[in-house]
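Below: one structure, written as structure tokens.
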Number of protein chains: 2
Amino acid sequence: MGDNTHIRSMLLAQDLMATTSDAAPERLARSAGQQPLYSTLAEMLSREIYEGKYPPTTTLPSEKELTERYGVSRQTVRFALRMLRERGLISSHPGIGTIVREPVRTQGRFKALNSAEALLQFVEGTEMHATSLREIIVDAELGEQIECKPGLLMSEATFVRKTPGEDLPMSFVKIYVPPRFAAAQQKPIVSNTPVYQNIEKMFNVRVREIRQDVTATVLDEELAGILQTAPGEAALQMTRFYYDENQQLLQVTVSFYPRSRYTQSARFRVDDEA
Amino acid sequence: MGDNTHIRSMLLAQDLMATTSDAAPERLARSAGQQPLYSTLAEMLSREIYEGKYPPTTTLPSEKELTERYGVSRQTVRFALRMLRERGLISSHPGIGTIVREPVRTQGRFKALNSAEALLQFVEGTEMHATSLREIIVDAELGEQIECKPGLLMSEATFVRKTPGEDLPMSFVKIYVPPRFAAAQQKPIVSNTPVYQNIEKMFNVRVREIRQDVTATVLDEELAGILQTAPGEAALQMTRFYYDENQQLLQVTVSFYPRSRYTQSARFRVDDEA
DNA sequence: AGGTATTTGTTCGTATGTATT
DNA sequence: GAATACATACGAACAAATACC
């Protein structure tokens, strides 16, 4: 991140100027070891859209104009726009231009290979109450559980998930994030935007795949206390691995659902053979 | 799609040649009004992967080689690979190459379930040892569990499910069948054809949808004895409802999987919004 | 350990096609 | 039909990550 800041502010200043002057735009080059140029540009445009510079239903400057304004090639512009398109921020239409889309509900984004939307729908409309945040070194046992090499540094945050109307918590969640994305964990005490969405926004990546392992466990005294259940109650233990399109691990969550508070339901359809 | 066929067969023939000869590959051009070239190429590669030409964990030919083999630019190859990557078929790594991914992860006690087919196959690969068979009147508690009205007559069979080769049973299963299909339950003591297949064959119906509810439980003495586990061990309790295309209930199964013997694994992908 | 070759990632330039105004 | 804007496709070059000797 560090050195990128000056690039972005440079870009911003230049961008603001470009709207009011005809000054020849300076060339922009990627500093060594930084994020790709198109990624930086996507971040910038995304921020400007959120800030209201390009309101929904209006069009962005054309690709040609963007290449001139930022002094980058059309390919770079297109790659940046592609990222925004994949995040649902814009839509592109030949002959028309690039239109800023209305912010959409993030629900329904997840469509399972096997149709388990019901499985993730409950994430909406729940409150996450942070209970701890720390950095840990992965030991052998945890490494086994979250499938990463022992000795690695990870950021661990713990939460209690509550349904807004309910008194008793629905589940206890531990979220592990690689140090690269740790900044996304610095959040308010109570939140209802999932951590992965913070990572997506802050680091310009996208969750493309989730693997979920389900097993059963018996709640120990500590967990039973946190969840306010009878000690010894059975619980579902779900481990979810979030990956981007390059199989890069973005986060791992380990959740405990007491049997009395949650049942997972999924539907499978049998296809006709072609 | 129609006219595309000749292009693809041309590509295929050329591809097969290229592996055994040094003949200069013919250039390929997109016919008017067709799908993009990279899209056609992606389709081809995808099919070849499914057909086993490029098995999982092996690498695809390098981008340079693909450009030569198909006579297209590197950009076209990269766009095609990008499509496959977004579908989770491959992953790319600088210095290494493009690796064909395993369709699912299947190792140890982890079994992947991503579709009804996988679920049904999973059932087929196991041995069922019958332990009891009787007719019962559904009481209030069971009615709640299998979602049918108390007072109804159902045929109940119980089994121990074993992986061939393994000593210890994997799970304990109770199968409930409505009286009109009860004849399908009259079976040998040891079997590996699932009950639902008997119902399909005998009554000329087909399973079209399966709903699966998952919760956790603690094994009681009786179940621990049957499953030969430590009493008090946690277990996954899965209830599956089998329906035909008219939403007619064909059978209900209630299974208990000790935590040490089975973990359910599923993979979900996130789609782009169109 | 070090240097070279290979492979994917990024970026530029350019040309042409297609859809809309 | 002409102008505009995005989509596809080619070529070329360098950077970064990895493998091999």
Side-chain angles (χ1 to χ4, degrees), chain A residues 3-4 7 11 25-43 45 54 58-86 90-101 204-205 244-248, chain B residues 4 7 11 25-43 45 54 58-86 90-101 272 274:
Chain A
D3 299 45
N4 230 358
I7 299 187
L11 266 168
E26 263 179 86
R27 262 295 160 79
L28 183 72
R30 177 164 70 142
S31 314
Q34 298 299 310
Q35 279 207 306
L37 206 45
Y38 62 80
S39 193
T40 307
L41 180 56
E43 240 176 75
L45 291 171
Y54 304 115
T58 67
T59 65
L60 244 47
S62 75
E63 293 178 356
K64 183 166 177 293
E65 202 171 332
L66 289 173
T67 64
E68 289 161 0
R69 206 181 274 196
Y70 296 112
V72 297
S73 76
R74 180 147 176 249
Q75 163 119 305
T76 302
V77 169
R78 284 186 59 72
F79 272 45
L81 293 181
R82 174 172 202 143
M83 292 186 77
L84 302 184
R85 198 160 45 241
E86 286 180 350
I90 60 171
S91 61
S92 308
H93 311 276
I96 309 230
T98 306
I99 296 174
V100 180
R101 291 181 51 182
N204 217 16
V205 293
D244 74 358
E245 73 273 12
N246 282 323
Q247 290 302 109
Q248 178 186 217
Chain B
N4 233 357
I7 298 186
L11 266 169
E26 263 180 88
R27 262 300 160 79
L28 183 73
R30 175 163 73 140
S31 315
Q34 298 297 311
Q35 278 208 306
L37 203 49
Y38 62 81
S39 193
T40 307
L41 180 56
E43 238 176 80
L45 291 171
Y54 304 114
T58 67
T59 66
L60 245 47
S62 76
E63 293 177 357
K64 183 167 176 295
E65 204 170 332
L66 289 174
T67 64
E68 288 161 1
R69 208 180 274 196
Y70 296 113
V72 297
S73 76
R74 186 159 168 235
Q75 159 125 306
T76 302
V77 169
R78 283 185 62 74
F79 273 43
L81 293 180
R82 176 173 200 140
M83 289 184 75
L84 301 184
R85 197 162 44 240
E86 286 181 350
I90 60 171
S91 61
S92 308
H93 312 274
I96 310 225
T98 305
I99 296 173
V100 180
R101 295 190 49 199
D272 284 336

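Predicted, not measured: the structure shown is a model, and the values here were computed from it. Within every chain, numbering begins at 1; the chains are lettered A, B, ... in the order of the sequence lines, protein sequences first and strands thereafter.
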- [ ] Name all residues meeting the side chain to side chain contact (heavy atoms under 4.5 Å, CB included) criterion together with A:Met83; count only those two or more places apart in sequence or in a different chain, and write none if there are none.
- [x] A:Tyr38, A:Ser39, A:Ala42, A:Asn204
Distances for protein N or O near nucleotides 2-8 of chain C N or O, under 3.5 Å:
from  : atom 1 : to      : atom 2 : distance (Å)
C:dT7 : O2     : B:Gly95 : N      : 3.0
C:dT8 : OP1    : B:Thr98 : N      : 3.4
C:dT8 : OP1    : B:Thr98 : OG1    : 3.2
C:dT8 : OP2    : B:Glu63 : N      : 2.8

TODO: Rounded to the nearest angstrom, tell me the gap between atom CG in B:Leu66 and atom P in C:dG9.
DONE: 13 Å
Task: Residue pair B:Ile90 / B:Leu45, side-chain heavy-atom distance below 4.5 Å - done: no
TODO: Whole angstrom is fine here: how far is it from CD in A:Gln75 over to P in C:dG9?
DONE: 13 Å
Open item on the list: Suppose we screen for side chain to side chain contact (heavy atoms under 4.5 Å, CB included). Which residues come up paired with A:Arg82, at least two apart in sequence or across chains?
Closed with: A:Arg85, A:Glu86, B:Phe79, B:Arg82, B:Glu86
TODO: For D:dT8, take OP1 and OP2 only and decide whether either is under 4.0 Å from a side-chain N or O of B:Tyr38.
DONE: yes
TODO: Find the distance A:Glu245:CD to C:dG9:P and express it as a whole number of Å.
DONE: 10 Å
- [ ] With the side chain of B:Pro36 defined as its heavy atoms from C-beta on, choose the nearest nucleotide among D:dT8, D:dC10, C:dC12.
- [x] D:dT8
Open item on the list: Quick check: do A:Tyr70 and A:Thr40 have side-chain heavy atoms less than 4.5 Å from each other?
Closed with: no
Task: Nearest atoms (heavy-atom pairs only) where B:Val72 meets B:Val77 - done: CG2-CG2, 3.7 Å
Task: A:Phe79 CZ to D:dA9 P, straight-line distance once rounded to whole Å - done: 14 Å
TODO: Check whether any side-chain heavy atom of A:Thr59 sits under 4.5 Å from a side-chain heavy atom of A:Ile99, and report yes or no.
DONE: yes
TODO: Measure from CD on B:Gln35 to C1' on D:dA7 and round the result to the nearest Å.
DONE: 14 Å
Task: Spacing of B:Glu68 atom CD relative to D:dG11 atom C1', expressed in whole Å - done: 14 Å
TODO: Mind calculating the distance between CZ (B:Arg82) and C1' (C:dT10) to the nearest angstrom?
DONE: 12 Å
